[in-house]
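Working notes, structure below.
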Amino acid sequence: MKIAVPAPFNLKYTLECGQAFRWREIDGWYCAAVKGQGIKCRQVGTDLEFFTAPQTDNVALIRDYFRLDDNLTAILREIDKDDYIHGAIEKYKGLRLLRQDPWECLVSYICSAASSVKKIGQDVDRISKMFGNKLELESYLTHTFPTPEALARGCVADLCACSVGFRSEYIHEAAKAVASRRLDLESLRRKPYEDAKQILLEYKGIGEKIADCVLLFSLDKLEAFPVDRWIRRAMQENYQECRDANDREIRAFASRHFGRYTGYAQEYIYQRIRDESRA
DNA sequence: TCCCAGGCGAAAG
DNA sequence: CTTTCGCATGGG
C-alpha cells in the first residue's frame with residue numbers, strides 16, 4: 001500500500017527522534033507493533049509505502065499514528081520565534097509528533113526515568129515479549145505491547161525480570177489502575193491539559209516530565225513541554241530568560257514564547273541539543 | 001572501573 | 001517551599 005504524505009514529512013526523523021521506542025530499521029524498512037497492529041513502512045520521496053497486519057492496508061491507522069492531519073508548515077511557522085529553534089526547524093524539517101497508544105506511551109515513559117533511549121526500547125521489548133502476543137508481518141516477527149489487563153495479571157517479579165528495576169512497581173500499579181477502569185486514559189484526551197495532567201500526577205512514578213510526555217505523544221496536548229535534563233540544558237544555555245530558571249519556569253517561558261504548539265518546539269529543540277552534544 | 005542515562009519520591013533544608 | 005539523595009540496570 002502507498003499513500004502520498006503531506007510535505008514536509010521525514011520518516012527517519014520522526015521514528016528515530018526518541019519519542020517512540022520500538023521501531024527497528026531492517027533493510028530500509030521501519031518495523032514495529034503499533035496499537036496491536038504490525039506496521040512495516042518506508043518513505044520514498046513524498047510517498048509512504050507500508051504493510052500492516054493482521055488488518056491489511058490500514059490507512060486509517062497510518063494517518064492517525066503519523067498525525068498526517070497536522071498542518072506542519074503552519075505549525076513550524078508559528079513556533080519559529082528565534083534563531084535557536086529556527087536552526088532546529090531548518091535541520092529537522094519533516095519531523096512529526098506521533099499519536100501513540102496512551103497505555104504503551106505511559107509505560108514506556110515510566111521506564112524512561114533515569115534511563116537511556118536505547119535501554120527504554122530494550123525494556124519495552126522485553127515487556128512485550130513476556131506479556132504481549134506474537135505478531136508476524138512480512139517475515140518480521142515481534143510482539144504486541146501487552147494490554148493493561150495482561151500486565152495487571154502478572155506479578156511484580158515478572159516485570160523485574162524485564163530489567164525495569166525500581167520502576168516495576170510503578171508499572172504494575174498503573175496497569176491495575178487502567179485495567180480496573182479507575183484510570184481512563186482515553187478520557188484524558190477530552191479534558192483540558194492542566195486537568196488531564198493533574199490526574200496523571202496522582203500516580204507514583206509519574207511526575208511532571210513523564211505526564212507531559214504522555215499528554216504530548218499520545219493524548220493530543222500539543223501545549224505540553226516536557227522538560228528533561230537535555231531540554232533544561234538547551235533552554236538555560238540558549239534563552240536569557242531561562243538562565244537561572246527551574247523546570248516550572250522553563251515550561252512557563254516556553255508556553256508564552258512558542259505558543260499553543262510548544263510541544264512541537266520541544267521535540268525540535270530536543271533533536272538539536274542531542275545531536276550537538278553527541279559530537 | 002566508573003559514570004551516565006528523555007526522573008521520581010522521600011527526606012532534609 | 002526548594003534542594004538533595006537513593007534508586008536498579010545496562011551501555012559507553
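Order of the sequence lines fixes the chain letters, A, B, ..., with proteins taken first and strands second; residue numbering starts at 1 for each chain. A quick note: this is a predicted structure, and the numbers were derived from the prediction, not measured.
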I need the A:Leu188 CG to A:Glu186 CD distance, nearest 0.5 Å.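 Between atom CG of A:Leu188 and atom CD of A:Glu186 there are 8.5 Å.
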Give [X] one of three labels, base, sugar-phosphate or nothing, depending on what nucleic acid heavy atoms sit under 4.0 Å from its own.
X: A:Phe217; answer: base
X: A:Ile110; answer: nothing
X: A:Gly205; answer: sugar-phosphate
X: A:Arg233; answer: nothing

Could you list the donor-acceptor pairs under 3.5 angstrom formed between side-chain atoms of residues 170-178 of chain A and any protein atom two or more places apart in sequence or on another chain?
residue, atom, partner, partner atom, Å
A:His172, NE2, A:Ala152, O, 3.3
A:His172, NE2, A:Gly154, O, 2.8
A:Glu173, OE2, A:Lys176, NZ, 3.1

Which value, in whole Å, describes the distance between the [atom1] atoms of nucleotides [N] and [M]?
N: C:dA8; M: B:dA11; atom1: P; value: 15 Å
N: C:dC5; M: B:dC3; atom1: P; value: 16 Å
N: C:dG6; M: B:dC4; atom1: C1'; value: 15 Å

Segment of DNA chain B, first to last nucleotide, that comes within the 4.0 Å heavy-atom reach of chain A: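 So the contact region on DNA chain B extends B:dA5 to B:dA10.
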Let me spell it out: for each of A:Gln19 and A:Ile206, pick the nucleotide of DNA chain B with the closest heavy atom. Which residue's pick is nearer the 5' end?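 Nearest-nucleotide comparison on DNA chain B picks A:Gln19.
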Indicate the atoms forming the closest heavy-atom contact of A:Cys17 with A:Glu267, along with that distance.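 So the two residues come closest at SG-OE2, 3.4 Å.
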Would you please classify the geometry between the A:Phe51 ring and the A:Trp29 ring as parallel, tilted or perpendicular, with 30° and 60° separating the classes? tilted
Using atom types as modelled and distance alone, determine if a side-chain donor or acceptor of [X] lies under 3.5 Å from a backbone N or O of [Y].
X: A:Tyr30; Y: A:Lys40; value: no
X: A:Asp228; Y: A:Trp230; value: yes
X: A:Ser187; Y: A:Asp184; value: yes
X: A:Arg243; Y: A:Met235; value: no

Interface polar pairs with nucleotides 10-12 of chain C, N/O, under 3.5 angstrom:
residue, atom, partner, partner atom, Å
C:dG10, OP1, A:Ser163, OG, 3.2
C:dG10, O3', A:Gln122, OE1, 3.4
C:dG11, OP1, A:Gln122, NE2, 3.0

Starting from [atom2] on [N], measure out to [atom1] on [X] and report it in whole angstrom.
X: A:Phe166; N: C:dA8; atom1: CZ; atom2: C1'; value: 6 Å
X: A:Glu169; N: C:dC7; atom1: CD; atom2: C1'; value: 12 Å
X: A:Tyr170; N: C:dG6; atom1: OH; atom2: C1'; value: 11 Å
X: A:Asp244; N: C:dT2; atom1: CG; atom2: C1'; value: 15 Å

Nearest heavy atom decides the nucleotide; on that basis, is A:Arg167 or A:Asn246 closer to the 5' end of DNA chain C?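 Going by which nucleotide is closer to the 5' end, it is A:Asn246.
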With respect to A:Lys35, which candidate in A:Asp64, A:Asp101, A:Asn58, A:Thr144 satisfies the side chain to side chain donor-acceptor pair (under 3.5 Å) definition?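 In the set A:Asp64, A:Asp101, A:Asn58, A:Thr144, the residue that makes a side chain to side chain donor-acceptor pair (under 3.5 Å) with A:Lys35 is A:Asp64.
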